Every structure is written in structure tokens, then in C-alpha cells.
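The next block holds one structure in the form of C-alpha cells; read it before the comments.
Note that this is a predicted model, so its numbers are computed, not measured. We count residues from 1, following the sequence as given.
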Amino acid sequence: MAATGNEEQTLLPDIEEEAEGMEREMESEEEEEEERMGVEHSEEEDEEDTSEDERENEAEIQRLEEQLSINAFDYNCHVDLIKLLRQEGKLHRLHKARQKMSELFPLTEEIWLDWLKDEIRLTEDESDREKVYELFERAVKDYLCPEIWLEYVQYSIGGMGAQGGIERVRSIFERALTAVGLHMTKGTSIWEAYREFEIVILSTVQPPPGSVPSQEQQELLNAQVKRIHTLFRRQLAIPLMDMEGTYAEYSDWADDGVPEMVTHQYRRALQQLEKCKPFEEALLVSEPPKLAEYQAYIDFEMKEGDPARVQIIFERALAENCLVPDLWIKYTTYLDRQLKIKDLVLSAHERAVRNCPWTMGLWKSYLLALERHGADHQTVTDVFEKALNAGFIQATDYVEIWQSNLDYLRRRVDFSKEWSRELDELRAAFARSLDYLKQDVEERFSESGDLSCTIMQIWARIEALHCKNMQKARELWDSIMTKGNAKYANMWLEYYNLERSYGDTAHCRKALHRAVQCTSDYPEHVCDVLINFERVEGSLEDWDAAVQKTETKLNRVSEQRARVTEKEALLARQEEEKTEHRRKSKADKKAQKKSQKANRAGDKRKAEDEYEEEWGEDAELPSKRLRGEEDFGSTATEELMETESGLFGRRAPSRKSEPPGFRKNQQGLSEAPGQPQDVKNEQRKDEDCVFVSNLAFNLENPEGKLRTMFQGCGTVQQVRPVFAANGVFRGYCYVQFEDRQAVSEALKLDRQEVDGRPMYVSPCVDKNKNPDFKVFKYKTAMEKHKIFISGLPYSCTKETLEDLCKPHGTVKAIRLVTNRSGKPKGLAYVEYENEAQASQAVLKLDGTMLENFTLSVAISNPPSRKMEDKAVPSRVLGAAMLRQPQGARGKGRTQISLLPRSLYRQSAPDAKAENGTVSAPHATVTDGVHEGPGTVSLDTQTKSLSNEDFARMLLKK
């Protein structure tokens with residue numbers, strides 16, 4: 001019993017533990033069930049959301065596919081479709097979409113990398129790897145992409161275990177170096193990957209430590225070491241970024257140190273790198289597409305003359321400017337004329353037309369390149385058919401592409417045989433070209449693009465020259481004349497020359513008679529040709545018929561021209577009458593304004609006389625004009641003086657005292673008709689005269705100096721300096737020559753210094769007849785090949801500026817800006833050979849220092865020169881302020897008040913001047929010296945102002 005109790009005691013805890021374990025398991029199962037139910041519920045919600053997104057994406061995919069079925073050349077639609085299919089994981093449809101887009105367009109680097117990575121993930125066996133290799137081959141042909149080449153070599157390393165795998169990897173590496181190894185910024189990655197691969201191979205051929213390698217192993221080891229040395233040496237001979245690090249690595253790796261020859265090549269590469277660094281830096285800081293920077297880089301490399309480097313920079317530029325036809329044309333032209341490597345040339349032409357299919361010139365050069373490199377006839381035909389479907393933007397483009405194809409087909413024909421398949425093909429192509437231009441091209445452009453029927457003319461000449469078929473040639477020329485070309489003399493003469501060369505006399509005579517009858521542009525020339533032809537070939541009857549026909553034609557033409565001349569003369573008279581009417585109307589308005597001005601001047605004089613009577617005869621009158629009004633008031637007098645100076649030479653100073661009525665006499669003199677200046681204007685010939693200005697007022701003997709200076713331009717008839725009323729030279733004059741040819745030579749002396757000032761020489765133009773005439777030597781629009789420099793020291797010379805700007809391009813001209821006295825303003829314009837050099841100069845010179853002056857450099861973009869408003873005589877500098885008499889004589893009107901405007905208390909607006917005083921309802925403050933009517937002395941001021949009051953009034957806005 002005791003034993004049984006013990007067993008029960010020992011079993012009880014076990015049972016309890018089992019029960020607890022079962023309870024825990026049940027609880028855990030319940031929790032798992034609950035969790036599973038929750039997960040299933042959430043999964044159902046996610047599935048619903050996902051299914052909804054999938055339906056939306058599927059609808060968008062179908063819409064994009066339908067749009068592409070309508071317009072297969074929608075580039076953005078292709079990109080969106082590929083992005084959606086990749087997002088949805090529809091690999092089969094994605095592969096098809098990529099294939100279709102790659103057939104129509106070259107793909108970008110991003111699209112290719114995504115495609116390659118997707119295909120690599122799906123690779124299972126060796127056959128799949130070959131498909132990926134083929135895809136890589138297609139990818140590297142579109143653009144120059146170092147990243148794609150690096151991906152290619154890394155993928156090939158994964159297959160090095162196959163038979164011939166190592167050699168295949170090396171072959172791909174060598175092709176990558178040929179393609180992008182010269183890329184100055186990204187080529188280093190390919191070199192380093194190649195070198196690391198060979199170092200790994202070296203580690204596999206090295207014998208275990210402590211063992212003696214066999215002769216075969218030693219040869220393999222030496223060959224591998226030599227291969228790595230060769231890679232180092234090849235890389236160090238090429239200018240690449242971070243060359244110093246590669247040189248240091250080679251120094252550490254080589255047991256015997258760097259050979260002297262390698263060091264020499266390395267230093268040469270460093271020098272080349274220093275030359276290219278400015279261009280690389282310009283590419284680094286500029287924004288895409290960087291076309292101007294690439295153009296400058298290309299020009300530099302073409303001058304250096306290394307074909308490989310020229311090719312790599314072209315490829316880099318085209319990768320970022322693939323839609324610039326001029327860049328493709330420049331590249332393909334360089335390859336056609338310099339490298340002439342078939343695969344390289346044809347590949348570039350093919351990529352050019354894929355990127356810019358609308359450019360006819362690229363297709364034309366592609367066809368020539370195919371013929372030049374011996375491409376088969378079917379290939380040339382296929383390319384031509386693609387060109388017809390490219391969608392050119394002009395009708396003439398289709399004419400030119402057809403001419404190129406017809407030239408190619410003509411060169412294939414052996415005309416020594418009476419018949420050949422190539423000849424039939426040529427004739428069929430001519431007929432097809434005419435139908436194509438008449439139907440397809442005219443339907444699209446409303447014109448055939450071949451107005452002079454050039455294709456038909458070539459066809460007719462080929463039939464006459466090579467095939468001896470004049471009947472066909474005449475039929476073609478009849479068709480040409482019926483297309484509206486019968487009125488042109490050159491067309492008839494072309495046909496006549498064809499008949500003269502390959503036809504007979506009867507058809508020549510017939511062609512010329514038809515030409516005389518139909519020609520309307522140059523009938524005299526056609527008549528002369530017919531007469532000369534009959535002199536050589538014709539009988540008397542033929543001569544008489546030709547003379548009668550030509551005389552009749554020429555008489556009819558003379559009558560028509562006389563009627564046209566009459567009509568033109570009538571129109572000219574009508575236009576002259578309209579012009580004369582406008583001139584008279586303008587003169588009447590001007591005379592009316594002058595009379596109004598004279599009336600105002602009389603009223604003013606009357607008021608002054610009343611003022612004089614009030615203050616007395618001995619009182620001194622105030623000044624009659626405000627400052628600034630003086631010049632306007634004497635305009636007419638000065639014009640009269642200038643004209644008289646031009647007539648009679650130096651004018652004697654006027655007398656200080658003026659007799660009564662002098663001003664009225666002068667006014668009447670200026671307004672009277674038939675004055676000497678009018679007579680002079682009739683005598684002076686403006687076309688034989690130049691106007692010289694900006695001369696110094698103190699120039700001694702201006703007539704003699706200018707006569708001597710202009711004597712080399714031609715015979716100087718007269719030099720007329722202009723003087724002021726007091727006999728002072730006014731700084732300008734007229735130089736009259738005997739003939740017009742001397743004027744052009746005189747204008748070349750513009751800006752030449754005379755006594756330290758630049759002399760301005762301009763054509764002499766009557767401003768009354770040409771009021772809008774302006775002479776300005778320099779452009780006011782943006783000049784991309786010219787830079788504007790400001791902040792220059794005043795001591796800067798052209799030589800200093802040329803030394804500063806020359807390192808950045810070819811300097812064509814330099815202009816230092818000066819004021820009218822010839823002193824520099826610290827500004828300059830520098831003209832370069834092209835806009836790329838100017839952009840480089842702006843990049844390098846802006847912000848630099850010259851003699852402790854900071855320069856500001858920009859592309860020249862002067863502001864437009866606006867016509868200044870003509871000044872109107874008015875009261876200025878205080879005209880708005882009322883005149884206030886000061887003291888016994890009053891304050892002079894020409895004086896300027898020094899009181900700030902914010903402190904000035906203006907009088908009432910209705911104040912009027914009567915008898916020289918101001919009568920105002922509110923008194924104004926004066927200095928208290930004279931207290932007349934309308935004035936208040938200082939004693940009557942209400943309150944004195946403190947400094948704070950004045951400060952508040954001064955700062956008041």
C-alpha cells in the first residue's frame with residue numbers, strides 16, 4: 001500500500017502537468033485561430049484594394065495600347081506603358097512592349113538597365129544567358145553609356161566558368177575600353193574593373209606557398225603579370241580623372257618600380273588632362289543639355305586631331321543632345337571624311353536617322369554612306385523606303401531624297417548595253433517619283449516641291465544622252481512646259497540646249513519660235529538667241545520669219561511696259577501729292593503753334609512793363625527766365641546763328657547792348673520765309689558732306705585742323721565750323737567734299753581722337769526731311785558671341801584686356817567704353833569667334849580681380865535705345881513754386897530755393913501774380929525784409945519751431 005501511495009504521489013504531478021499542458025495548447029490553438037481569422041479578414045480587405053488597383057491599372061494599360069495602335073510613334077505613351085506593365089509584373093507583355101519601342105526609338109540608359117536587370121533575374125540556363133548577351137549587344141549600340149558597359153562586363157564575369165568564358169570576358173572588356181575607355185570622368189571604372197578581374201585571375205594561377213611551380217605554371221604566371229602591367233601602362237597613357245591614384249597604385253604594385261617610359265607617357269597624359277579640365281569643369285557646372293559647352297569641347301578636340309578622342313566627345317554630346325540634327329550631321333560628316341570605318345560609320349548613320357527621322361539631310365547622307373561602303377541593293381532600298389515614311393516637314397525634302405535615290409539607281413546602270421534590268425528599274429523609279437510627288441506630297445503640302453520639274457529635266461537628259469531616245473526626252477519637256485514653266489526664258493533655253501546637243505535643227509528652230517511666243521520674263525534674250533541661230537543655220541526665209549516674229553514680240557512687250565510705267569508714274573504722283581499735303585498740313589500746324597507762342601510772349605512782356613512802372617525806371621527787373629528756361633528760349637536764335645555760321649564762317653560776337661525791339665526783330669526774322677539757312681540747305685549737298693561733332697570747345701583753328709585731317713579722304717571743298725553768338729566754337733562742324741566717294745572714307749575716321757577727345761563722324765542728313773534719322777554704331781540686341789565687362793580699372797588698356805581674355809578663346813575685337821571727353825568708364829565689350837568661347841569666358845572671368853578691381857562679366861545684352869522725349873519749354877526747378885519778392889528788388893527767379901520740400905509751406909493754389917507781388921488769401925512767411933501786400937514779417941509768426949519739430953517735418957513722407 002505504501003508503494004502504491006508513493007506511485008500515486010509521483011503520478012499526480014505528471015497528470016497535473018499534462019492537464020496544464022493541454023490547457024495551454026488549447027489556449028494557444030484558440031489564439032492562433034483568432035489570429036488566423038484576423039489575418040484572413042485583413043487579407044480579404046487587402047485583396048479587395050489590390051484587385052481594385054489592378055483593375056484601374058489594367059484599364060490604363062488597355063487605353064495606352066489602343067493609343068499606340070493609332071499612333072505608334074508616341075514616345076511618352078511607350079514609356080508609360082512599360083512603367084505600368086513592370087509595376088504589375090506582366091513580364092510577357094512587358095517584353096513585347098519593350099521590343100516594340102526599341103524597334104522605333106533608341107532607348108535611354110534607364111530603360112535599358114531596367115530591361116537588362118529583369119532579363120537577368122529570369123535567366124535559368126545557358127541558352128537564356130545567350131539571349132541576355134544579345135540584349136546587351138543591342139543596348140550598347142544606342143548611346144554611349146559607361147554604366148551599361150560596366151553592367152555588361154560584370155554579367156559576363158558570371159559566365160566565365162563556361163568553356164572559353166575567360167576569353168569572352170576579356171573580349172567584352174576590350175570592347176568596353178574601346179567604346180568608353182577614353183571617357184575622362186567615367187572611363188576609370190571600366191579600367192579598374194578590368195584590372196581587378198585580371199588580378200583575381202592571377203591569384204588563381206599562383207602556386208601554393210612553399211611549392212615550386214612547374215615551367216608551364218611559371219609561364220602562365222608571367223603572362224598574367226605581364227597582362228596586368230600592360231593594363232596599368234595603357235591606362236596611365238590616357239588622360240583620365242584621378243590619374244594620380246592609379247599611378248600611386250602602380251608604383252606600389254610593381255616590384256621594380258614604374259618604368260621611365262611609363263612615367264613619360266603619364267606626364268604627357270597629365271598635360272593633356274590639364275588642357276581638357278576647363279571643358280570638363282564647364283560641363284560639370286552647367287545644366288543639361290550643355291550643348292554650347294559640348295560644342296566648344298568638340299572644336300577643341302578636332303583641333304587637337306586625335307580621332308578617338310573626337311569620337312568619344314561626340315558620343316558624350318549626343319547622349320545628352322540626341323535630338324539635335326546639326327550635331328548628328330557634324331558627327332557623321334567627320335566619320336565619313338576622317339575615320340571611314342564601315343561598321344562605325346554605318347552605325348552612326350543608323351542611330352542618327354533613328355533619333356532625328358524628320359531630318360532629310362541625315363537620310364541623304366545615310367544612303368550615300370551605304371553606297372560608299374558597298375551595301376547590297378536591298379539594304380539601300382529598305383533605307384530609302386523608311387526615309388519616305390519618316391515624315392519630312394517640307395515638300396522640297398521629298399524631292400531631294402528622291403533625287404538621291406535616283407542618282408544611286410542611275411550609277412547602277414550599265415548604259416553600254418541596249419537593255420538591262422537596272423535601266424528598267426531606273427525608269428520605273430522616275431515614273432514612281434513623279435506620281436509620288438503629284439499625289440502624296442501635293443496632298444499633304446499643297447505643292448509638289450519641284451516647281452521647276454528638276455526630276456523630269458534629269459530624266460529627259462538621261463534619255464537623250466545615255467539612251468539616245470530624243471522622242472522620250474521631247475515628251476518629258478512638253479510635260480514640263482505644260483506645268484506653268486512656258487513663261488520662263490531659262491526653261492526654254494534649257495530645252496533648246498538639249499535639242500542643240502542631241503536633237504536636230506528643225507526641233508531647235510521650233511523650240512525657239514515657241515520660246516519667243518511664250519516667254520514673258522526675258523523676251524529680248526530669247527529673241528537674240530533665235531536671231532543668232534538663224535544667222536548660223538537658217539535660210540533667207542527662216543531669217544525673215546525670225547525677224548518678223550521677234551519684232552512683233554518686242555513691240556508688244558514695249559507697249560505693255562509703257563502701260564505699266566504709266567500706271568506706276570500715276571501712282572507715284574498720287575503718293576507725292578499725299579506727301580505734299582501732309583507736309584503742308586504739318587507746316588500749318590507748326591506756324592499756328594508759333595503764333596500762339598508769340599502771343600504768350602507779348603502778354604508776358606506787357607506784364608513786365610507794368611511791373612517796371614510800379615517799381616520805377618531805376619529799379620532792376622527780375623530775371624526774365626527761370627534757370628533751365630534759358631536754353632529753350634534761345635532755340636530759334638541759336639539755330640539761326642548756326643546756319644549763318646555754316647554760310648559765312650565765324651560769326652562775330654553780338655553787341656552787349658540791344659536796341660529797342662531787338663527781340664521782336666529777331667522773332668520776325670526767324671519766322672520770315674526765305675531766310676539764308678533755306679538758301680544754304682539748297683546749296684549744300686548732304687550726300688557729299690559729313691557732320692563732325694564732340695570736338696573740344698577750345699580747339700584752336702578747327703577749320704585748318706579738320707581740313708588737314710580729312711584731306712586724305714578726298715578733295716575737301718569746304719569746312720564749316722559752327723560758332724556761338726559770342727564767337728566761341730560750339731564743338732561741331734560740317735565738311736563738304738567734291739565727290740560722294742570721299743564721304744565713305746571720311747566715315748572711317750569715326751571715333752578717332754582729336755586733342756584727347758573721340759571725334760564723331762556721321763552722315764550729314766537734313767533733320768527736317770528725316771526727323772527719325774539716328775546714327776548708332778553698335779547693336780542693342782543680345783550678342784551671344786560678345787561679353788560685357790564692368791568694374792575695370794580706368795588705367796586698363798586694350799592690350800591688358802586682350803591678354804586677360806585671350807586664354808578663353810579667339811578675340812576678334814575689343815571696345816573700351818569712354819565718355820564724350822575720351823575718358824574710360826571702366827566698361828568694355830569683347831567679341832569672340834563664337835558663343836561657346838564667350839560662354840567659357842563669362843564662366844572663367846566673372847568675379848576675378850584685375851589691379852584690385854573685381855570684374856563683373858556677362859553676355860552682351862545692351863538695353864534698347866529709346867527715343868528721348870523732346871524737351872518742352874517750361875518753368876523748371878521751382879516752376880511749381882510761386883515767385884516771392886525778397887527785399888527791395890525781390891528774390892531772383894533763377895535762384896534755387898535751398899529749403900527742403902517737406903519744410904516748404906506752399907501758398908494757396910489760387911494765388912496770382914499781380915504787379916510783381918503775390919496776393920493770397922493766406923499770408924506766407926518771408927524773411928521780413930520787405931513787407932509788402934500779401935506778406936507777413938517774422939514778428940507776426942505764431943510760434944517758433946524747435947529742432948524736434950524740424951526733424952519731424954523733414955522725415956515726414
Side-chain angles (χ1 to χ4, degrees), residues 395-396 399-400 402-403 406 430 433-434 437-438 441-442 445-465 468-572:
T396 54
V399 177
E400 289 195 38
W402 268 110
Q403 285 180 341
L406 294 170
F430 269 114
S433 67
L434 297 178
L437 294 177
K438 184 177 180 181
V441 177
E442 281 191 9
F445 297 99
S446 301
E447 61 167 331
S448 65
D450 191 11
L451 299 178
S452 59
C453 301
T454 308
I455 292 178
M456 295 180 71
Q457 290 188 45
I458 295 172
W459 189 4
R461 188 162 287 277
I462 290 174
E463 292 287 351
L465 174 63
K468 314 301 181 187
N469 189 357
M470 278 301 299
Q471 184 60 33
K472 180 64 176 178
R474 292 182 185 117
E475 291 176 2
L476 290 170
W477 268 104
D478 287 340
S479 179
I480 290 173
M481 292 305 180
T482 57
K483 293 183 181 296
N485 294 302
K487 59 184 178 181
Y488 300 116
N490 63 323
M491 301 297 288
W492 284 109
L493 294 178
E494 184 69 23
Y495 177 35
Y496 164 72
N497 290 329
L498 183 71
E499 288 285 358
R500 193 71 170 158
S501 300
Y502 310 109
D504 51 39
T505 304
H507 283 90
C508 287
R509 181 176 291 110
K510 183 179 178 181
L512 289 176
H513 276 273
R514 291 175 62 191
V516 170
Q517 183 178 355
C518 301
T519 300
S520 60
D521 54 351
Y522 297 103
E524 295 88 352
H525 185 51
V526 175
C527 292
D528 290 342
V529 174
L530 176 58
I531 294 297
N532 292 330
F533 172 77
E534 296 298 350
R535 281 197 174 100
V536 177
E537 299 285 348
S539 62
L540 179 60
E541 292 78 8
D542 297 331
W543 171 264
D544 291 339
V547 170
Q548 182 180 358
K549 195 172 189 66
T550 55
E551 286 180 354
T552 304
K553 175 68 175 179
L554 294 177
N555 290 335
R556 187 165 61 249
V557 169
S558 299
E559 292 175 0
Q560 293 175 353
R561 290 177 177 173
R563 287 195 295 269
V564 171
T565 304
E566 231 178 84
K567 187 176 181 180
E568 290 178 352
L570 178 62
L571 293 175

So, [X] side chain and [Y] main chain: donor-acceptor pair closer than 3.5 Å or not?
| X | Y | value |
| --- | --- | --- |
| Ser501 | Leu498 | no |
| Asp478 | Glu475 | no |
| Gln457 | Ser452 | yes |

How close do [X] and [Y] get, heavy atom to heavy atom, and via which atoms?
| X | Y | answer |
| --- | --- | --- |
| Ser448 | Val399 | O-CG2, 3.7 Å |
| Pro523 | Lys553 | CB-CE, 4.1 Å |
| Ile480 | Asn485 | O-ND2, 3.1 Å |
| Glu534 | Ala546 | CG-CB, 3.7 Å |
| Ala460 | Ala473 | O-CB, 3.6 Å |
| Gln548 | Thr552 | O-OG1, 2.8 Å |

When rounded to the nearest 0.5 angstrom, what distance separates [atom1] in [X] from [atom2] in [Y]?
| X | Y | atom1 | atom2 | value |
| --- | --- | --- | --- | --- |
| Glu537 | Arg509 | CD | CZ | 7.5 Å |
| His507 | Tyr495 | NE2 | OH | 6.0 Å |
| Thr519 | Lys487 | OG1 | NZ | 11.5 Å |
| Met481 | Arg514 | CE | CZ | 7.0 Å |
| Asn490 | Tyr522 | CG | OH | 9.0 Å |
| Lys567 | Thr565 | NZ | OG1 | 12.0 Å |

Checking side chain to side chain donor-acceptor pair (under 3.5 Å) for the pair Ser558/Asn555: CA distance, chi angles, key distance, verdict? CA-CA 5 Å; Ser558 299; Asn555 290 335; 5.3 Å; no
I would like to know whether Arg535 and Asn532 meet side chain to side chain donor-acceptor pair (under 3.5 Å); could you show each step before the answer? CA-CA 5 Å; Arg535 281 197 174 100; Asn532 292 330; 3.1 Å; yes
Can you list everything that forms a salt bridge (charged side-chain N to carboxylate O under 4.0 Å, His left out) with Glu524? Sequence neighbours excluded, please.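 Testing Glu524 for salt bridge (charged side-chain N to carboxylate O under 4.0 Å, His left out), a comparison that skips the adjacent residues, returns Arg561.
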Quick one, Val564 with Glu568, criterion side chain to side chain contact (heavy atoms under 4.5 Å, CB included). Give me CA distance, side-chain angles, the key distance, then yes/no. CA-CA 6 Å; Val564 171; Glu568 290 178 352; 3.7 Å; yes
Is Lys483 salt-bridged to Asp450, going by a charged N under 4.0 Å from an acidic O?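 Looking at Asp450 together with Lys483, the answer is no, because their closest N to O distance does not fall below 4.0 Å.
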Could you check whether any side-chain heavy atom of [X] comes within less than 4.5 Å of a side-chain heavy atom of [Y], counting everything from C-beta outward?
| X | Y | answer |
| --- | --- | --- |
| Tyr496 | Val529 | yes |
| Gln403 | Ile455 | yes |
| Leu530 | Thr550 | yes |

How about CZ on Phe445, more than 12 heavy atoms from neighbouring residues, nucleotides or ligands closer than 6.0 Å, or not?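 Counting neighbours around CZ of Phe445, more than 12 heavy atoms of other residues, nucleotides or ligands fall under 6.0 Å, so yes.
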NE2/His525: more than 12 non-hydrogen atoms of other groups inside 6.0 Å: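 12 or below, so no.
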Results of ring pair (Phe, Tyr, Trp, His ring centres under 6.0 Å) for Phe430 - residues two or more places apart only: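 With sequence neighbours excluded, Phe430 shows a ring pair (Phe, Tyr, Trp, His ring centres under 6.0 Å) to Trp459, given in chain and number order.
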